[in-house]
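Each remark here refers to the structure printed beneath this line.
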Amino acid sequence: MTAIREIKGRRVWDSRGRPTVEVDVILENGVMGRAIAPAGASRGTREAVDRRDGGDALRGQGVQAALRSVNGAIASTLTGMDAADQRGVDQAILELDPSPLKDTLGGNATVATSLAVLHAAAADAGRPLWQHVSGTTGFSPSLPLPEIQIFGGGAHAGRRVDIQDFMIMVPGAGSFDEVMEVTSEVYFAAGDIMKSRGKLAGVADEGGWWPVFDSNEEALETLIAAIEKAGEKPGERVVVSLDIAASEFGRDGRYRLALEDRELDSSGMIDLLGGWLDSYPIASIEDPLAEDDTLGTVEFTRRFGNRVQIIGDDYLVTNADLVREAQKDGACNAVLIKVNQAGTVSEGFETFRAAQSKGWGAIVSARSGETEDVSISHLATGLGGGQLKVGSFTRSERMIKWNECLRIQDALGSAAFVGGRPLANTWWGQRNYKDTAL
Ligand code: PGA
Ligand code: ZN
C-alpha cells in the first residue's frame, strides 16, 4: 500500500478557453498522478454536474468553489488512504457527496480527483495507465477503433445544423496507424469539397469542419462524397457514424429540425433516421431520440438494433442503473462511457461492466471541452472495450489522444488493434466481413 500524502487542485484552462479543474495526487513516496476534468456542452440532464461559480466573472464558469472542494473536504478525507484502493477512494468521495448529481462537491472536482488517484496508483506500480487499468479490472487490453468527427454540428457549431456529429470509423483498417492515415485523407477531402463549393467556413468546437449546409442530409451526402474523394468505397473499409444528440432539439416527443424548418414527432424522427440507415453506410448512431423519449428509443432499437450500433449518451449518462434499465426495456445496444458523467472512475467502470455483461458495445468518449489529458486513450485500451470517441482529426486536445494511442500501439503491438474485423451486430460487418473470425 502507498498512502496519499497530498491532494492539490489548481485552475487550468480547457480547449474552449474556459477554466477547469486539475488535480495532483502525491503519494508518501513522492510518486504523483495528475488529471484534468473535461466539460460537455450538450449535457444529459441526469449526468454529474460541474460546480461553477456563477456571477459575472469568467461568464459564470469559474471553478474556485470546485477547487475548494478538492483542497478542502476531498483532500482531508483522502489523505492517508491507499491510492491503489480506487473503489475505497471513490466510495469516500461518494460519501462526502451523496447527492445524485454530485452538485455539492462538483463533478469536475470529483472526476479530476478520482482520475488523478488512478494515475498515481499506476505510476506507483510502475505501469502505464492502460496496463494498470487492465491489470486491476481483469479486462484484456486492446487498441480501440476510433470514431472521428469530420463535420461538427448541433451545440458544437452554433446549431448551424441540428445533428451534432458526422463521423467516420475505419473498421476495415488493419492497424491504428492505418485508421489515422485514412482519416487524414477523408478529413482533407471533406475540406476540399467544402472549399470547391464555396462553403469553407472554419471548424466547430471539436475541430470538425463547420457545417455550412442547407439540410442535415446534405452533411451526410457531403461526408459520403469526401469518403469517395479519398479513394474509398463507403461501407467497405470506411463507414459512417452519427451522433444525433437528439435531446438538444427534441422534448416531449417533438423534434424541431430548425435548419429544415420542420417539426417531427417521435415516429417521424424514427422514419427519418431509418431512411438514412437504408441509404447510407451508417454503422453506429448515438442518441437517435431524446433522453426523455424511452418509447421512441425502444422502438428505434426494435426496428434497427440488429443492424446498427445504437449508443446511449445523454440517454444513459454513464449510469450503470440506467444501462440495466435500458437493457430490460430493449433500448440501445451500446453505451458511451464518459467518466465525468458518472463523476468517479469506479462508477464509470461499473457502467462499462454492466454494458459488457449483456454483450453491449461500450465506447469510451471525450467531451467537447477537452485538454491535454490523455486518460481516455488509456481507459479505452485498458478496458479493451474496442471503441474510442475523441472528436475530430485536428487540434491538439484531440490529436494528443490519438497520438497517445499510437504510443500505446508501440508498446502493445499492432496485433492488439480491434479493427480489420466486424464489430458485433453491424450490418456492414455482416455484409463485408462475415467470413472473418472475430
Ligand atoms: P458534449 O458532447 O461533450 O458537448 O456533451 C459530446 C457528445 O455528445 O458525445
Ligand atoms: Zn453524444
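Both ligands and their constituent atoms are indexed starting at 1 by order of listing. All values reported here derive from a predicted model rather than from experimental measurement. Side chains are part of it too, since the values below use all heavy atoms of this structure and drop only hydrogens, waters and symmetry mates.
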How about Phe166 and Trp209: are their ring centres within less than 6.0 Å of each other?
no
If you apply the rule salt bridge (Lys or Arg N to Asp or Glu O under 4.0 Å), what do you find for Glu347 with Arg87, and how did you get there?
CA-CA 9 Å; Glu347 288 166 284; Arg87 265 176 208 271; over 6 Å; no
At under 4.0 Å between heavy atoms, is it the side chain or the backbone of Leu336 that contacts ligand 1, or both, or neither?
side chain
Anything under 30° is parallel, anything over 60° is perpendicular, the rest tilted; go ahead and classify Phe176 against Trp402.
tilted
Does a donor on one side chain and an acceptor on the other come within less than 3.5 Å for Asp165 and Gln149?
yes
Quick check on the Zn ion (ligand 2): does Asp243 put an N/O/S atom closer than 2.8 Å to it?
yes
Residue-ligand contact Asp287/ligand 1, heavy atom below 4.0 Å:
no
Which residue and non-hydrogen atom of the protein lie closest to atom 8 (O) of ligand 1, and at what distance in Å?
Gln164 NE2, 2.8 Å
Note: ligand 1 atoms sitting under 4.0 Å from heavy atoms of His156 are 1 (P), 2 (O), 4 (O), 6 (C)
Which residue holds the protein heavy atom closest to atom 5 (O) of ligand 1, what is that atom called, and what is the gap in Å?
Arg367 NH2, 2.7 Å
For a quick check under 3.5 Å, do Asp90 and Ser114 share a side-chain donor-acceptor pair by atom type?
yes
Verify the distance criterion only: is there a donor paired with an acceptor across the side chains of Glu22 and Thr371 at less than 3.5 Å?
no
I need the OE2(Glu286)-the Zn ion (ligand 2)-OD2(Asp313) angle, rounded to 10 degrees.
90°
For a quick test of reading the model, state the closest non-hydrogen atom pair linking Ala116 to Ala35 and the distance between them.
N-CB, 3.6 Å
Aromatic contact, Phe188 with Phe393 (centres under 6.0 Å)
no
N or O pair under 3.5 Å between Asp243 and ligand 1
yes
Heteroatom proximity flag, Ala366 to ligand 1, N/O under 3.5 Å:
no
Enumerate the atoms of ligand 1 whose separation from the nearest heavy atom of Asp313 is less than 4.0 angstrom.
7 (C), 8 (O), 9 (O)
Starting from atom 3 (O) of ligand 1, locate the nearest protein heavy atom and write down its residue, its atom name and how far away it is, to 0.1 Å.
Ser368 N, 2.8 Å
Starting from atom 2 (O) of ligand 1, locate the nearest protein heavy atom and write down its residue, its atom name and how far away it is, to 0.1 Å.
Ser42 OG, 3.2 Å
Under 3.5 Å, is there a donor-acceptor pair between the Glu260 and Ser215 side chains?
no
Does a donor on one side chain and an acceptor on the other come within less than 3.5 Å for Asp162 and Tyr255?
no
Report the nearest protein non-hydrogen atom to atom 6 (C) of ligand 1: residue, atom name, distance rounded to 0.1 Å.
Lys338 NZ, 3.4 Å
Look at atom 9 (O) of ligand 1 and say which protein heavy atom is nearest, naming residue and atom and giving the distance to 0.1 Å.
Lys389 NZ, 2.7 Å
By number and element, which atoms of ligand 1 are closer than 4.0 Å to a non-hydrogen atom of Glu286?
9 (O)
